[in-house]
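Reviewing the structure listed below.
Residue numbers start at 1 and run along the sequence shown.
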Amino acid sequence: MRQLLAGLSWSIVLAYPFIVLFGLQLLPLRLLGLLLIALAALRIYLLRSQVGKSGLPIVLSSLLLLIAMHAMIANDPSWMRFYPVAVNVVMLGMFGGSLRWGPPFVERLARMSEPELPATAIAYTRKVTIVWCLFFAGNGLIAWYTAVFTSFDTWALYNGAIAYALIGTIFSIEWLIRRRIKKAGSAHA
């Protein structure tokens with residue numbers, strides 16, 4: 001049951017822009033806000049045992065909770081549009097901070113499957129971490145722009161579809177480059 005609730009909560013978080021868009025058309029702001037607060041609280045409850053592993057999901061859930069509460073208190077649904085901005089700021093801080101205080105975030109991920117990385121791989125993971133920092137900075141600015149200057153429809157389209165397509169594109173390109181680099185490295189070995 002816990003796995004089902006966790007999967008459902010992740011699905012809802014990923015669909016957040018469309019939930020807000022359609023939720024505001026179907027529900028009063030206060031009810032939608034209460035549903036989002038309940039979702040965030042449920043995620044925090046489900047993730048409480050993972051605090052030692054990574055606080056990121058709890059931080060993001062806490063931001064969702066605060067943003068939904070603020071939108072309800074201010075009686076202004078436009079505040080709900082700032083959650084994708086907050087997510088990008090947190091991700092930029094996490095990836096950027098890892099560049100300063102190391103090891104780079106992508107290196108940490110790579111070491112989970114390959115604990116002994118060669119120097120070339122370490123340099124490569126640093127470059128990939130920088131690419132993700134640039135993405136989160138740019139995506140965060142676009143998310144902010146859509147939150148401030150566009151319609152709810154445009155905001156939901158960008159933050160609920162286009163941004164995910166860009167993330168998938170970066171993952172795909174990086175995977176192809178990594179395969180090529182590994183293949184070239186094994187050919188020289």
Side-chain angles (χ1 to χ4, degrees), residues 6-44 47 54-99 105-106 109 127-177:
L8 179 63
S9 71
W10 266 113
S11 299
I12 292 170
V13 167
L14 291 173
Y16 174 84
F18 294 108
I19 291 170
V20 169
L21 176 68
F22 296 118
L24 288 171
Q25 294 172 10
L26 301 171
L27 302 170
L29 171 61
R30 298 218 187 269
L31 184 55
L32 178 61
L34 285 173
L35 288 173
L36 291 172
I37 289 167
L39 167 69
L42 174 64
R43 282 184 50 77
I44 291 168
L47 296 166
S54 168
L56 178 65
I58 290 180
V59 168
L60 296 178
S61 298
S62 299
L63 285 170
L64 174 59
L65 186 131
L66 293 172
I67 287 169
M69 286 175 59
H70 185 73
M72 284 178 53
I73 291 167
N75 198 29
D76 184 355
S78 63
W79 283 100
M80 291 182 177
R81 297 165 69 164
F82 288 95
Y83 181 64
V85 178
V87 169
N88 279 281
V89 168
V90 168
M91 298 301 286
L92 175 60
M94 186 176 72
F95 277 68
S98 76
L99 288 170
F105 190 78
V106 175
L109 293 176
K127 290 176 186 173
V128 174
T129 302
I130 290 168
V131 168
W132 280 110
C133 286
L134 294 171
F135 171 78
F136 291 127
N139 195 54
L141 286 172
I142 295 169
W144 172 82
Y145 179 85
T146 63
V148 174
F149 297 111
T150 69
S151 67
F152 264 96
D153 291 339
T154 301
W155 169 81
L157 176 64
Y158 180 78
N159 292 286
I162 295 170
Y164 294 140
L166 291 172
I167 290 168
T169 301
I170 292 173
F171 270 119
S172 298
I173 291 170
E174 190 279 325
W175 181 78
L176 291 169
I177 292 170

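The aromatic rings of F95 and F105 are tilted relative to each other, their planes meeting at an angle between 30° and 60°.
Remark: the D76 side chain and the S78 side chain contain an N/O donor-acceptor pair separated by less than 3.5 Å.
The distance from atom CG of L32 to atom CD of Q25, rounded to the nearest 0.5 Å, is 11.0 Å. Once rounded to the nearest 0.5 Å, the distance linking CE of M72 with CD1 of I67 reads 14.5 Å.
The two residues W155 and M80 come nearest to each other via the heavy atoms CZ2-O, 3.9 Å. What you find for P77 and L24 is that their closest heavy atoms are CB-CD1, 3.6 Å. Nearest heavy-atom pair, I44 versus S62, reported as atom, atom and distance to 0.1 Å: CD1-OG, 3.7 Å.
With Y16 as the fixed residue, the side chain to side chain contact (heavy atoms under 4.5 Å, CB included) test singles out one of L39, L36, N159: L36. Considering I130, L166, T169 in turn, L166 is the only one that fulfils the side chain to side chain contact (heavy atoms under 4.5 Å, CB included) rule with F135. Of the residues listed (T150, D153, T146, N139), the one engaging Y158 in a side-chain hydrogen bond (donor to acceptor under 3.5 Å, both in side chains) is N139, and it is the only one.
Under a cut-off of 6.0 angstrom, the local environment of CZ in F18 is crowded, with over 12 non-hydrogen atoms contributed by other residues, nucleotides or ligands.
The distance between the ring centers of F136 and W132 falls below 6.0 angstrom.
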